[in-house]
Number of protein chains: 2
Amino acid sequence: MSNVRDIAEAIGSPVAFTAKVLQQLARKGLISSMKGAKGGFYIEAKTLRHLNLCTIVNAIDGNGITENCMLGLRECSEKNPCPVHHQYKHIKAGIIKMLNESMVNNLTIDVEKKLSVLKN
Amino acid sequence: MSNVRDIAEAIGSPVAFTAKVLQQLARKGLISSMKGAKGGFYIEAKTLRHLNLCTIVNAIDGNGITENCMLGLRECSEKNPCPVHHQYKHIKAGIIKMLNESMVNNLTIDVEKKLSVLKN
DNA sequence: TATATAAAGGACAAATTCATCCTATTTAAC
DNA sequence: GTTAAATAGGATGAATTTGTCCTTTATATA
Ligand code: FES
Ligand code: FES
């Protein structure tokens, strides 16, 4: 259980803004929160086990990454591809794969070992 | 030689905004322009032969794609990597490769054959 | 029960990106 | 030369993203 100030400090992000993001995640059920003294944000063990970056990105930014055309066409489609569609689709697939395979509980391991950082 | 209105129409983008982008490209020398009646924008044959998407993206948006950390850290580095750095670096490399290998004169071929589109 | 603590949420403010409008300058054609 | 057509560029405006502030609600603890 961590409060907003500690989280904001840990990631080097403004407190009020961090709070808004955490609220969004909480509303979507990706994290849990408790009000009041000794309250804060935490992740249910069961949730954490299945939580990947794809779910988080989707919750905050929507499915733009997976749906949008690289050149900004209204729709990205095989049928009416933009000039870079066939090149970009492999990259897009790579991003989605990466986001899906990035489990939060794995990512935390390196952070704990100080092999990766959350701010600089 | 095409004027802004025709270009804007062809890509489904506002005329005034398209003009600003074209001006940026012209200032950087990626395209050429001629004022006055029968004027407009065009690409020098010699320029076109070497023009790829990487150059264009760089001219308009800077080198953010190639430099930025996926998680928004101030700096993306091997030495102080964010938790997704090692996964992301392959994707980033793929994007850069793609942008470098995408020659504008090749991309136009499919557009001319109507195998790809510039608006929808 | 009173108090202190912390998230929830609404309203607002700043910064950035996206887009428009207008005037000046340049050029072709008559 | 005059005129019409076109880019250059500055000033401005709209929309979105980013960030702040304040009040309300909930909870632990004394
Ligand atoms: S249509 Fe542009 S990326 Fe698919
Ligand atoms: S440090 Fe985050 S992507 Fe390299």
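We name chains A, B, ... by the order of the sequence lines, and we start the count at 1 in each one.
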- Nearest-angstrom distance from the residue atom CZ of R5(A) to P of dT5(C): 9 Å

Identify the pairs formed between an N or O of the protein and an N or O of nucleotides 14-25 of chain C at a distance under 3.5 Å, and give each distance.
none

- Item | For E9(A), all residues meeting side-chain hydrogen bond (donor to acceptor under 3.5 Å, both in side chains), sequence neighbours excluded | K119(A)

- Distance check: side-chain N/O of R27(A) vs OP1/OP2 of dG9(C), anything under 4.0 Å? yes

- Message: If I take atom CG in residue D6(A) and atom P in nucleotide dT5(C), what distance separates them, rounded to the nearest angstrom?
- Response: 14 Å

- Scan residues 91-100 of chain A for pairs that pass salt bridge (charged side-chain N to carboxylate O under 4.0 Å, His left out), counting only residues two or more places apart or in two chains. K97(A)-E101(A)

- The answer to which of M34(B) and G36(A) contacts DNA chain C further toward the 5' end, by nearest nucleotide, is G36(A)

- Task: With sequence neighbours excluded, tell me which residues meet side chain to side chain contact (heavy atoms under 4.5 Å, CB included) with R5(B).
- Result: N3(B), V15(B)

Tabulate below the donor-acceptor pairs under 3.5 Å that side-chain atoms of residues 102-114 of chain A make, not counting sequence neighbours, or state none.
residue, atom, partner, partner atom, Å
S102(A), OG, M98(A), O, 2.7
T108(A), OG1, N105(A), O, 2.8

- Query: In the hydrophobic clustering (ILVMFWY, side-chain contacts below 4.5 Å, transitive), which residues join V117(A), or is it alone?
  - Reply: L73(B)

- Task: Taking only the side-chain nitrogens and oxygens of S33(A), find out if one of them lies under 4.0 Å from OP1 or OP2 of dA6(C).
- Result: no

Please set out all donor-acceptor pairs under 3.5 angstrom arising from side-chain atoms of residues 54-70 of chain B, sequence neighbours excluded.
residue, atom, partner, partner atom, Å
T55(B), OG1, N52(B), OD1, 2.8
N58(B), ND2, C54(B), O, 3.4

Pair up each side-chain donor or acceptor in residues 17-35 of chain A with any protein partner under 3.5 Å, not counting sequence neighbours, and list the distances.
residue, atom, partner, partner atom, Å
T18(A), OG1, S13(A), OG, 3.1
T18(A), OG1, P14(A), O, 2.6
S32(A), OG, E44(A), OE1, 3.3

- Task: Measure the OG-NE2 distance between S77(A) and H85(A) for me, rounded to the nearest 0.5 Å.
- Result: 6.5 Å

- Along DNA chain D, first and last positions that approach a heavy atom of chain A under 4.0 Å: dT18(D) to dA28(D)

